[in-house]
Peer 1: 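Please read through the structure below; I'll follow up with questions.
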Number of protein chains: 2
Amino acid sequence: MNETVPRPTLEAVAARAGVSRATVSRVVNGSDGVREPLAERVRQAVEELGYVPNQAARSLVTKRHDAVAVVVAEPETRVFADPFFARQLRGISKELTAHDNQLVLLLTEDRDDHARVGRYLAGGHVDGALVISLHIDDPLPGLIQRAGVPTVFGGRPDFNGGVVYVDSDNRGGARDAVRHLLGLGRSRVAHITGALDQTSAVDRLDGFRDVMTDADPRLVVEGDFTPAGGERAMRELLDRRPDLDAVFAGNDLMAAGALRVLRERGRRVPDDVAVVGFDDMLPIAEQTEPPLTTVRQDIEGMGRLMARLLLRDLDRTGVPDEAVGGGPSSVVLPTTLIHRASA
Amino acid sequence: MNETVPRPTLEAVAARAGVSRATVSRVVNGSDGVREPLAERVRQAVEELGYVPNQAARSLVTKRHDAVAVVVAEPETRVFADPFFARQLRGISKELTAHDNQLVLLLTEDRDDHARVGRYLAGGHVDGALVISLHIDDPLPGLIQRAGVPTVFGGRPDFNGGVVYVDSDNRGGARDAVRHLLGLGRSRVAHITGALDQTSAVDRLDGFRDVMTDADPRLVVEGDFTPAGGERAMRELLDRRPDLDAVFAGNDLMAAGALRVLRERGRRVPDDVAVVGFDDMLPIAEQTEPPLTTVRQDIEGMGRLMARLLLRDLDRTGVPDEAVGGGPSSVVLPTTLIHRASA
DNA sequence: TTGAAAGCGCTAACAA
DNA sequence: TTGTTAGCGCTTTCAA
């Protein structure tokens, strides 16, 4: 099972084709300036020998790796249950693949992993980093900054400073959701927040408060983005304010949990209680009972955009940021309210 | 945002510590044979300069990368909805991390990606590969074999040949599930299979048939491992054989879908129809209504074991397999029936 | 125990 | 257009 056959080198190809290493290198890298008959001979030699360039040697001189680290800063087990992560990853992967970049996945389980990640990024294995699912007060951004690696964050970080991030308009989306509920004639609108150590949850809560300026504090319960958390929160809300007539949940998973509790308690949705979620996570949002009205955000698109911004930045090799207008800037993507049966 | 500061090299550290490059290299790599005072001086220089070894240069000479590719051969969107993937990945990541190996993730979206993956593996970027979620007739194993990269598969491949894999005892687990249903006095036991282009689904079906040797073919419907597929299959089963009194679903997600349909059709679980799943995917299996009796497999453990087998193989550098007993061999992990309320 | 020197496989000036 | 040559930063004999 061990690899034993030594791979052919540029040298070997050159010898076989009867040219110099430089010529082979040119052909292999698609730079022009090699006359066709020669190029063809080289290609044939490459083919015959099954030559594949040694990436380490190439990186050593080019200082490029065509690889990007994706750091998933999720110390909780949420990453298991929440398809959000997989979807964003898929978007990132697609975009990186389309530009021939490799994805090096760095999963950080706990704080100990941070040092390892910092070391890895500082080690110059990758050209850049994408950080998703960052939590408030996470030391990761500091480490990354110190490592000096170009980075794009998924979701607004909890500090300011010239970092680039891609996020959805969480606050605006939340406002839309709540306004929709008010438009339905509801007045006692509750909110189940996400985990408040993430800015997305904080921003959605802020959006809720923007509209419900004088909401009873008992109408807001902190959840954790999981279905179980949604159930727990819903129970608490019903206990505190049995007269509530609408719920805005911080994501669809929690909304699904809330729907279960409402059914269990005999409340009809949307007649007694209208429910709006966030994400439009399919197929979940379509399959709840009743199907969920929710705020759509394009999770895969966010992933793709993150990768695109990073790659664009990486391509401007050597050109100082000032010369091209300050580098890439953060993007906040719009959300859309999707009307289904729950509100 | 672009990296501009050149990293310090071994040379720089050597100069600062007043020693040769060789000595620095020895200290950095923890090989003994450097006297303490000198070693200390080197360590200090490393610290002051913030030196981190250049992995490309190191790989060029050692031919090691301390990186492993994880190939997810999932062309469907199932990877989004099914936590199976994330869980196995987490196990792999933990084990690799514990041994200071990096995880390079290769997501293959469609057949076109195969060539890319083959090229990557052949390119000698990684020391080995882990392949999960392989489908029957997938050309990937062939490509990988040609690339000559040590590989461990997650799940039994659909061909024989000296490949190493880690799998659960799908067939045995299925038998346990069906026998449990029979033990409950059920006789008209149906089976919702997984996607039959994966050996895990085939093996579970075989296990079902081992016990239900003369089952009505109408009691078997092909599903696809998704909740929606479970619903569809359950509807079809009820239409075909309204008198069925038990269902063994190929995984918990489908079981959850089946439970929804049973409730919708007014069948009580387990009174009218007993249901058993597969995976013990938490929290799903615990939160269905009623909680799911299911066959547990240790998904994360499988991931960890795959990584361990690969790394063990990798460590035997240069030693021919014959000398150490034929290399690692495949492992089939036992399953456990978990009793909850659904059967 | 330490250092000098060769060379891993490649790219990129520079020359021809 | 093609070839020659000098490294990229590191490990690893081999000598001292």
Side-chain angles (χ1 to χ4, degrees), chain A residues 3 5-43 45-46 49-67 119 122-127 317-318, chain B residues 3 5-43 45-46 49-67 119 122-127 317-318:
Chain A
E3 186 174 5
V5 198
R7 333 192 127 286
T9 68
L10 245 204
E11 184 85 53
V13 178
R16 177 157 199 128
V19 298
S20 73
R21 268 153 46 206
T23 299
V24 178
S25 174
R26 288 180 188 117
V27 172
V28 167
N29 292 298
S31 64
D32 39 52
V34 179
R35 242 188 283 269
E36 199 34 60
L38 244 202
E40 183 49 35
R41 234 168 58 216
V42 171
R43 268 183 238 108
V46 164
L49 263 37
Y51 169 75
V52 184
N54 177 319
Q55 185 63 31
R58 180 179 275 173
S59 292
L60 187 55
V61 30
T62 61
K63 276 136 178 38
R64 297 200 55 195
H65 302 84
D66 295 318
R119 221 179 316 126
H125 304 234
V126 292
D127 301 325
T317 339
Chain B
E3 184 175 5
V5 198
R7 334 192 124 287
T9 68
L10 247 204
E11 183 85 51
V13 177
R16 177 157 199 129
V19 298
S20 73
R21 268 152 47 204
T23 298
V24 178
S25 176
R26 287 179 190 119
V27 172
V28 167
N29 291 298
S31 63
D32 39 54
V34 178
R35 239 187 284 269
E36 198 35 61
L38 246 202
E40 184 48 36
R41 232 164 64 213
V42 171
R43 269 184 239 109
V46 165
L49 263 37
Y51 169 74
V52 183
N54 177 321
Q55 185 62 33
R58 177 180 278 174
S59 292
L60 187 55
V61 29
T62 60
K63 275 132 175 42
R64 297 200 55 194
H65 305 265
D66 295 319
R119 219 178 320 126
H125 304 232
V126 291
D127 302 324
T317 337

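We name chains A, B, ... by the order of the sequence lines, and we start the count at 1 in each one. These values consider heavy atoms only, across backbone and side chains, with no hydrogens, waters or symmetry-generated copies. What you see is a predicted model; the values in this text were computed from it and never measured.
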Peer 1: If you check the Ala22(A) side chain, which of dT2(D), dT11(D), dA12(C) turns out closest?
Peer 2: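 Of the options given, the side chain of Ala22(A) lies nearest dA12(C).
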
Peer 1: From C-beta outward on Ser20(B), which listed nucleotide comes closest to its side chain: dT1(C), dT11(C), dA4(C)?
Peer 2: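 The answer is dA4(C), which lies nearest to the side chain.
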
Peer 1: Once hydrogens and angles are ignored, does a donor-acceptor distance under 3.5 Å link the base of dG3(C) to the side chain of Arg26(B)?
Peer 2: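 Answer is yes: a donor-acceptor pair is held.
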
Peer 1: Could you tell me whether a side-chain N or O of His125(A) sits under 3.5 Å from a main-chain N or O of Gln55(B), the two making a donor and an acceptor?
Peer 2: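 No, His125(A) side chain to Gln55(B) backbone: no donor-acceptor pair under 3.5 Å.
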
Peer 1: Within this structure, what is the CG-to-C1' distance between Leu60(A) and dT11(C), rounded to whole angstrom?
Peer 2: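 Answer to the nearest Å: 10 Å.
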
Peer 1: Choose from dG9(C), dG7(C), dT11(C) the nucleotide whose nearest atom is closest to any side-chain atom of Leu10(A).
Peer 2: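 My answer, after comparing the listed nucleotides, is dT11(C).
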
Peer 1: Identify which nucleotide among dC10(D), dT11(D), dC8(D) has an atom closest to any side-chain atom of Val61(A), counting heavy atoms from C-beta outward.
Peer 2: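 Minimum distance to the Val61(A) side chain belongs to dC8(D).
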
Peer 1: Report yes or no: does His65(A) contribute a side-chain atom to a donor-acceptor pair with the main-chain N or O of Ser59(A) at less than 3.5 Å?
Peer 2: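 A pair under 3.5 Å: no.
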
Peer 1: CZ of Arg21(A) versus C1' of dG7(D): gap in Å, rounded?
Peer 2: 11 Å

Peer 1: Of all the nucleotides listed (dC10(C), dC10(D), dT11(C)), which has the minimum atom distance to the side chain of Arg58(B)?
Peer 2: dC10(D)

Peer 1: Which of the following nucleotides, dT2(C), dC10(D), dT2(D), is nearest to the side chain of Arg35(A)?
Peer 2: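 Comparing dT2(C), dC10(D), dT2(D) against the side chain of Arg35(A), the answer is dT2(D).
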
Peer 1: Between Lys63(A) (NZ) and dA12(C) (C1'), how many Å, whole number?
Peer 2: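 The answer, rounded to whole Å, is 13 Å.
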
Peer 1: Return the value, rounded to whole Å, for the distance between atom CD of Gln55(A) and atom P of dC8(C).
Peer 2: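 Checked: the CD to P distance equals 19 Å.
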
Peer 1: Which nucleotide sits closest to the side chain of Ser25(B): dG9(D), dT11(D), dG3(C)?
Peer 2: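 For the Ser25(B) side chain, the nearest candidate turns out to be dT11(D).
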
Peer 1: Distance check needed: dC10(C) C1' versus Tyr51(A) OH, whole Å only.
Peer 2: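 Going from Tyr51(A) (OH) to dC10(C) (C1'), I get 7 Å.
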
Peer 1: Kindly compute the distance separating NZ (Lys63(A)) from CZ (Arg7(B)), expressed to the nearest 0.5 Å.
Peer 2: 10.0 Å

Peer 1: Ignoring hydrogens, what is the shortest heavy-atom contact between Val46(A) and Val28(A)? Give both atom names and the distance.
Peer 2: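 Scanning both residues, the minimum pair turns out to be CG2-CG2, 4.3 Å.
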
Peer 1: Would you say that Arg26(B) contacts Val34(B) through its side chain, given a criterion of any heavy-atom pair below 4.5 Å between the two side chains?
Peer 2: yes

Peer 1: Roughly how many Å is it from CG in Asn29(B) to P in dG9(D), rounded to a whole number?
Peer 2: 17 Å

Peer 1: Please report the distance, rounded to the nearest Å, between CD in Glu11(B) and C1' in dG7(D).
Peer 2: 12 Å

Peer 1: Side-chain N or O of Asn54(B) versus OP1/OP2 of dC8(D): is the shortest distance under 4.0 Å?
Peer 2: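 No, no such contact exists.
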
Peer 1: Whole Å only: how far is the CG atom of Asp32(A) from the P atom of dA12(C)?
Peer 2: 14 Å

